[in-house]
Structure formats: C-alpha cells, structure tokens
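Read through the structure below, which is laid out as structure tokens, and then see the notes.
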Amino acid sequence: MIIKAPIDLELTQVSGQTSQPPWIKTDDSYSDLVCIDTNPSIFHVKQCGENIDFSYTGNISEKQAISKVSEIYDLDFDLSKFYRYLDGHDELKDMSKFCNGLRLFQAKNQFECIISSICSANNSIKRWTKSIYDMKFKWGRNFNNYYLFPDTKSFNDIFLDDEEELLKNGSVENNNLKSCGVGYRAPYMRKASEIFTLEMNLSDISKMSYDEAFETILKVPGVGPKVADCILLYGFGFREAFPSDVWIKRIVSYLYFDGKDIKVEKVREFGMDEFGDYAGYVQLYMFHYARKSGLMERLK
DNA sequence: ACTCAGGACCAGA
DNA sequence: TCTGGTCCTGAG
C-alpha cells in the first residue's frame, strides 16, 4: 500500500543515522525484520514516486504495521513546514534542496539503538555498520534469513573477547564482541546491556523530560553527550536533541561563528537554543548538506 | 611500516 | 573545571 508522505527512502537509509544500520536492499526495495510486542514481521518498503510503497508479512494487524512503519520513517513529520522554516533562515536555506525527502530514521528497537549508538562513537560509518550486522548475524533471532538485534538477556551472555571465550567456552571461534570489530567499546556495550537489564528501564526514560533523560543516560558507560543525544533523538523521539560531534562543530562554526573554533558543548547549547524542536532535524540536514554540497571537503 | 580519524574517559593540573 | 593522552581498527 502507498503511504502518503513524501520521503527519499534511499537517502534516509544511507545517511548513517545511528539508530540502526541500513535495511537489507533487494532490487528496488529495503526490507527488515521488525518486532511488534513479541510478534516478528518482515517489512518491505520501496520508493514509489515521492512516497513509499509498504508491505509486510507476519501475524500483526495492518493498523499496527502502518503505525510502526510510520514511526520508523517518521512519516507524520511535516516536511514542507520544516522546509519553510529552513528557507526562512539565510544560513539554512540551501539545505532543503540538497536533502529533499530526508527523514529521521527512528529506531525500530530501542536497545539496538543504544548499543549501536555506543558502537558509533569514535568510529567510521563503514566499520560501525559491519559491527552491527555481525552482532545480529551471530546472536540475533532469525526469521526467514532476517535477523533481530539480540535482546538484553542474550546480549549479557555474549563473551567479551577471545580471552573470555577461551576461558568459559574452551575454544575460540570468533563468538565474542571484539570479533565484531568493536574494539575497546566491547566492555562499554556489555555494561550498558547489564544496566538496562537490572537498573534502568526504557519506558521510564520515555516519560522523562529531555534534561532528565539526558542526565540519566549519560551515566551509562560509553555514553557521552554526543551518543546520549543520538539515543534520545533516534531511540526516544526527543527532537530537541542536537547531537554535536566534530563535523557539526565545523559546520555550525562555519555557518554561524565566522569559522571560529568553538567547544562542542557550546555547539550543542547553541543548536538547542536556536532550533528548538527542529534541532534534531537541523542537525541531520546540516550533516548531509555539508556532505553533498562539498562544504565538508572545504572544512577538513 | 607509518599515521590518521573518530567520542568517551581518566588522570593530573 | 578544564586539558591532553589513550583506547581500537580500517583506510590511506
């Protein structure tokens, strides 16, 4: 069925948003396994004009499926209103044409989003993507050759590295976190998983204010300000988050501060003050505008 | 063989 | 409170 909401599916998929890696591409469509409550369902989306054509298999209602796919691709967000906002500001007005149809790629699973955001820190998109696929393939439940991200309970049982695998399993068969190329992030990821099993509750965070949620999630090892904002934006829908890394710093500095070097922490505060509820979207658009317009090359 | 990029964290000022 | 070194890996 066609869902009426303009989107550039390809752009949204490959834009490196840390909620989840791109879905599996086959011919002209993107597919992945999604869980609704405990029911697995395979979602297929393909570009159809400016909208997407959506279909699914699995034991869930059409209403549930549409609601979930709309959430993941953020289809209720009013893009044209956002473009009017961008067009109304000199610093932002080129962005809509470079990123037309780009939407937030919201997490289909919050735990996956948390681990995957921790994994993205100080990493490259390419390596990060491969690590997440590896983890799903090695330890995720499998339906029709699609894999779920492992849940907290099974994640807790994954060996950290060769040493631990050898000690507890007697042999080494790349059945550990480090074998997925996550490096020193492995212990962070496992600690985070333990925390979300025992101490922190995902649904509690959803109910908090942005500030409270930010402070709470910062306590998780491997989660600093940038990763916290990614988790809150993509995993919990806090649109006022403005995830700030070196690239956003360079872009904001170029657009708003005459190229002056400013602290990432200041960039974050600036973004939140300046863009309000559009902060998350502006951050996403800034990054892709810089990529596509050639600005990024010049800022290196 | 070497240097570099990328956030979080920790020790020491 | 801030600064600078270190962590791991793949790419150049």
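Note on naming: letters A, B, ... go to the chains in the order of the sequence lines (proteins, then strands), and numbering restarts at 1 for each one.
Side chain Arg127(A) to base dC8(C): a donor-acceptor pair is found below 3.5 Å. For Tyr188(A) against dG7(B), no side-chain N or O and base N or O form a donor-acceptor pair under 3.5 Å.
By the 30° and 60° cut-offs, the orientation of the rings of Phe149(A) relative to Phe155(A) is parallel.
Taking atom CD of Glu265(A) as the reference point, atom P of dC2(C) lies 9 Å away to the nearest angstrom. Here the C1' atom of nucleotide dA5(B) and the NZ atom of Lys300(A) are 10 Å apart, to the nearest Å. Between Lys249(A) atom NZ and dG7(B) atom P there is a gap of 10 Å when expressed in whole angstrom units. Put simply, CG on Asp245(A) is 4 Å from P on dG7(B), counting in whole angstrom units. The distance from atom CD1 of Ile217(A) to atom P of dA8(B) is 12 Å, rounded to the nearest whole Å. To the nearest angstrom, P of dC8(C) lies 5 Å from NZ of Lys178(A). Per the geometry, CD1 belonging to Ile125(A) stands 15 Å off C1' belonging to dA11(C), to the nearest Å. Distance CZ (Arg185(A)) to C1' (dT6(C)): 13 Å, rounded to an integer number of Å.
Here the nucleotide nearest the side chain of Lys126(A), chosen from dG6(B), dG7(B), dA11(C), is dA11(C). Distance from the side chain of Ala121(A) is smallest to dG7(B) among dG7(B), dC9(B), dG6(B). Distances were taken from every side-chain heavy atom of Lys263(A) (C-beta onward) to each of dT3(C), dC9(B), dG6(B); the shortest belongs to dT3(C).
Between Arg250(A) and dG6(B) there is a side-chain N or O to OP1 or OP2 distance below 4.0 Å. Contact annotation: Lys226(A) side-chain N/O to dA8(B) OP1/OP2 distance is not under 4.0 Å.
As judged by a 4.0 angstrom heavy-atom cut-off over every strand, Val223(A) is placed among residues touching the sugar-phosphate backbone only. Note on Val264(A): nothing from the nucleic acid sits closer than 4.0 angstrom, heavy atoms only.
Remark: Asn201(A) CG is packed, more than 12 non-hydrogen atoms of other residues, nucleotides or ligands lying under 6.0 Å away.
With ring centers used as reference points, Phe54(A) lies under 6.0 Å from Phe43(A). Between Phe111(A) and Phe196(A), the gap from one ring centroid to the other reaches at least 6.0 Å.
Taking the centre and axis of the six-membered ring of Phe82(A), the NZ or CZ atom of Arg239(A) falls outside the cone set by 45° and 6.0 Å.
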- Message: For Ile72(A) and Phe105(A): C-alpha separation, side-chain torsions, deciding distance, then whether side-chain contact (heavy atoms from CB on, under 4.5 Å) applies.
- Response: CA-CA 6 Å; Ile72(A) 294 170; Phe105(A) 192 24; 3.8 Å; yes
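Summary for the helix from dC2(B)-dG12(C) to dA13(B)-dT1(C): the axes at its two ends, each from 5 pairs, differ by 40° when rounded to the nearest 10 degrees.
In terms of modelled atom types and a separation under 3.5 Å, the side chain of Gln13(A) and the main chain of Trp23(A) share a donor-acceptor contact.
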